[in-house]
Participant: 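Just dropping this structure here.
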Amino acid sequence: ADPPSGGGSGGGDGGGAAEETEEEELTSVQFCDSSIECQVEEGEACTDIHSHEIYSSPDDRCLATSTCVCAYGAPDTSDEEGCHVTLFSQCFTGDTFNFSVGNHSFQTMGIAPVVNSIRVLGKDCVAILFQFDLNSGDSWPFHEGLHNCDAVYEVLGQKSVGAVVVLQSSDYDSESHQADSDTDSATTPEGSLRLVDDGTMAVAGKLEIFHNGSWGTVCNDGFQGVEATVACRQLGFSVGVPVPSSRFGEGNGTIWMDDVDCTGSESELAQCSYSGGAWGSDDCSHSQDVGLHCFGCRVEVFLGSCSSGSFYDIFSEGEHWLGGLENNVSSIRVHGENCSATLWGADDAEVTFEEGEYDCDAFQQRLGSMVPLYLAISHIAPHVEFRLAGAGSSSSLGRLEVRYLGQWGTVCGNSFDDVAAAVVCRQLGLSGGVVAQASSFGFASGPIWLDQVTCLGEETSLEQCGHPGWGMSECDHSSDVAVICDEPCEVSLYEGCLAGAEHVFIQGVDSVEDLGPDAHSIVVRGRGCTATLWEFGVGKGDSRTFDEGEHNCSIFASLWGETHVSGVEVLPGPTVRLVDGDDGLSGRLEVSLGGVWGTVCDDNFGDADALVVCRQLGFEGGSIVDISAYGEGSGMIWMDEVACEGSEADLHECPSAGWGVHDCSHSQDVAIECIS
């Protein structure tokens, strides 16, 4: 039999009922089993092998065909106190979703109920359905009773439902269709999070947490990448980074959490340690409120007529049933780098929309005649890039930065060693690799994407190395890591004027077939690199050395003429030098890293260190002298706290505080005088 046309405890006007039963008062909903038959009319009964409920008179006789209702799968709560609400995907049958008093966000719960009929049980109870999320979009109240498919469709139309609030009607403001503030506070789940901003996408904002009946903020003391990612995961995203709260303005009310410390495994921020476990215990002001930017996929499905304007539902990553919306989808917008939205129809038909906005025409053209029943939102593994920044035009050294989810960020230096640096350099097409202090290249801003990176050395990309996860960092930017790579030397010898047939040589010594007089220009690449051409093979006959740079036909002819080329020697530049001295034996000490020259601080620098330098330069010995005779240097201070034993062949082999790690000024630059 058809369900009643209206809700409440009255059961409709009773039209068509037998005369002797028209005045009988209906009881509350009765819960029956298959042993009870409700006589609808002679020869017909409303029964089922499943438990079901009927609207009946006291003697269990239906008053009319229209007042006999079967609804399956719902528990018997008629004798329980409080409010109980069931949402049905079909007319009092199909999938069921049961709710008690409280606020229920479907997105947070990870469900997407289709609402075609509703049952509200409990004296003076009301269920408020919200279109998008709690107190978001249109809202519709349904009071105690049964609300059949026709009644629900008359109210909702084809709009979807994103949340439900269940409460006593005494706590309900009928004019605003909102729970009053006290009730909202009382029924919001403890520890709920929200981002407060004036934007519409709610992927960034001031972080607020719900405790003890009210919303409050979180202090940014100790709040870093791990904590941000835990919070964003709770909000339904994949990763998060803290951002300056000044972007969103100061909060008000209680600062609920301070000194938040998460391990990264928590499902809710409230599970992390904070303030000694005491809510509201802080030493902060609202100028320290946490700001948060969450990353992940987000899809807006627009409904209604394009010509008359449309409203939309917002969906996050995952699968969603579009029941009730399928004939009303007009366009779609996909947000998030490498995100896609696939609409599925009958017979496994599918259409995928990549990141972007699709207006009605573009959407309908791609969709064709397919009726979308499911929406699947997926996130392709994001494209990751690495670079070395902060060293000007040099790309072989600098602060290590990584681009993830469309945004550049840094890498924390915790556990990052020369093995990891070598992986980075190899990934960038360079050689070598040592860790340096990032402060030498200026301070960065934005997310710190990686921390606790550990590599074996066999990896082809830093992504393959071990780490806790993207955004899971406990660092600030003072711990950013920098990397110094060796820029390989490469030489191109052209038979034309920087054009024509090209002969390429890399670092080392090459004997080549006699090119005759055909070589006419040369390019030497790599900081400090040199190329020496030999007439009869390396070390034989005339030779000429060309420094880094381009040497066109006229320069080449003036230096080399028509001499044959039978050998090429490509060498890196020197790694130490003495500058601003008159005799080549003395001067300010400079070392080269990644082709960039810098000085050495005199902290702990003694004659044993000077001996290593002079021997590296081809002299017998040497000692340190006062820098004033040669003047202070500029630029990088590469080494400090150098501690050579004296037997090293290269200053780079000596222990030091770390490349670029120092607490010096250039007034402390080292100067050396060698003995020939």
Side-chain angles (χ1 to χ4, degrees), residues 2-9 28-29 31 50-53 55 69-78 80 82-169 172 177-179 187-189 301 303 313-315 318-326 328 373-375:
D2 293 330
S5 59
S9 58
S28 298
V29 174
F31 290 85
H50 302 287
S51 63
H52 62 280
E53 61 186 34
Y55 231 29
V69 179
C70 294
Y72 309 107
D76 184 351
T77 57
S78 57
E80 297 179 10
C83 301
H84 303 274
V85 171
T86 301
L87 307 180
F88 298 89
S89 65
Q90 300 178 33
C91 287
F92 298 107
T93 185
D95 296 331
T96 59
F97 297 87
N98 299 303
F99 304 95
S100 56
V101 170
N103 289 6
H104 309 279
S105 167
F106 299 162
Q107 179 175 341
T108 301
M109 297 171 67
I111 61 175
V114 176
V115 182
N116 281 330
S117 54
I118 304 170
R119 179 184 58 216
V120 182
L121 296 180
K123 183 176 176 57
D124 298 325
C125 292
V126 61
I128 310 170
L129 274 57
F130 290 94
Q131 181 183 0
F132 299 141
D133 208 339
L134 293 170
N135 292 328
S136 175
D138 293 339
S139 61
W140 311 276
F142 292 87
H143 292 269
E144 179 190 2
L146 296 173
H147 306 271
N148 69 9
C149 297
D150 292 338
V152 171
Y153 183 81
E154 183 177 349
V155 175
L156 298 184
Q158 292 184 319
K159 295 181 180 179
S160 63
V161 177
V164 61
V165 174
V166 181
L167 68 163
Q168 296 281 340
S169 59
Y172 171 64
H177 287 188
Q178 305 284 322
T187 57
T188 298
V301 175
L303 310 171
D313 268 355
I314 299 176
F315 297 92
E319 296 184 358
H320 309 273
W321 165 246
L322 297 178
L325 305 178
E326 64 269 20
N328 203 30
L373 300 176
Y374 289 90
L375 169 64

Participant: Would you call the rings of H104 and F99 parallel, tilted or perpendicular if under 30° counts as parallel and over 60° as perpendicular?
Facilitator: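 Taking F99 first and then H104, their aromatic rings sit tilted (interplane angle of 30° to 60°).
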Participant: For the pair N116 (side chain) and F88 (backbone), establish whether a donor and an acceptor sit closer than 3.5 Å, ignoring hydrogens and angles.
Facilitator: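 No, N116 side chain to F88 backbone: no donor-acceptor pair under 3.5 Å.
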Participant: Which residues pass the side chain to side chain contact (heavy atoms under 4.5 Å, CB included) test with Y374, not counting sequence neighbours?
Facilitator: W321, W344
Participant: Looking at residues at least two apart in the chain, or sitting in another chain, which of them share a ring-ring contact (aromatic ring centres under 6.0 Å, His included) with F97?
Facilitator: none
Participant: Decide yes or no for W140 and V152: does some side-chain heavy atom of the first lie under 4.5 Å from some side-chain heavy atom of the second?
Facilitator: no
Participant: To the nearest 0.5 Å, how far apart are CG in N103 and CG in L167?
Facilitator: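 The CG atom of N103 sits 8.5 Å away from the CG atom of L167.
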Participant: Please find the pair of heavy atoms, one from V85 and one from A127, that lie closest to each other, and give the distance.
Facilitator: CG2-CB, 3.7 Å
Participant: Given the rule in the side-chain contact (heavy atoms from CB on, under 4.5 Å) test, do L129 and I118 qualify, once you have shown the distances and angles that lead to the verdict?
Facilitator: CA-CA 10 Å; L129 274 57; I118 304 170; 3.8 Å; yes
Participant: Does the side chain of T86 pick up a donor-acceptor pair with the side chain of N98 at under 3.5 Å?
Facilitator: yes
Participant: Which heavy atom in S105 sits nearest to a heavy atom in A163, and how many Å separate them?
Facilitator: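 The pair with the smallest heavy-atom distance is CA-CB, 4.0 Å.
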Participant: What closest approach, in Å, do V115 and L87 show between heavy atoms, and which atom pair accounts for it?
Facilitator: CG2-CD1, 3.9 Å
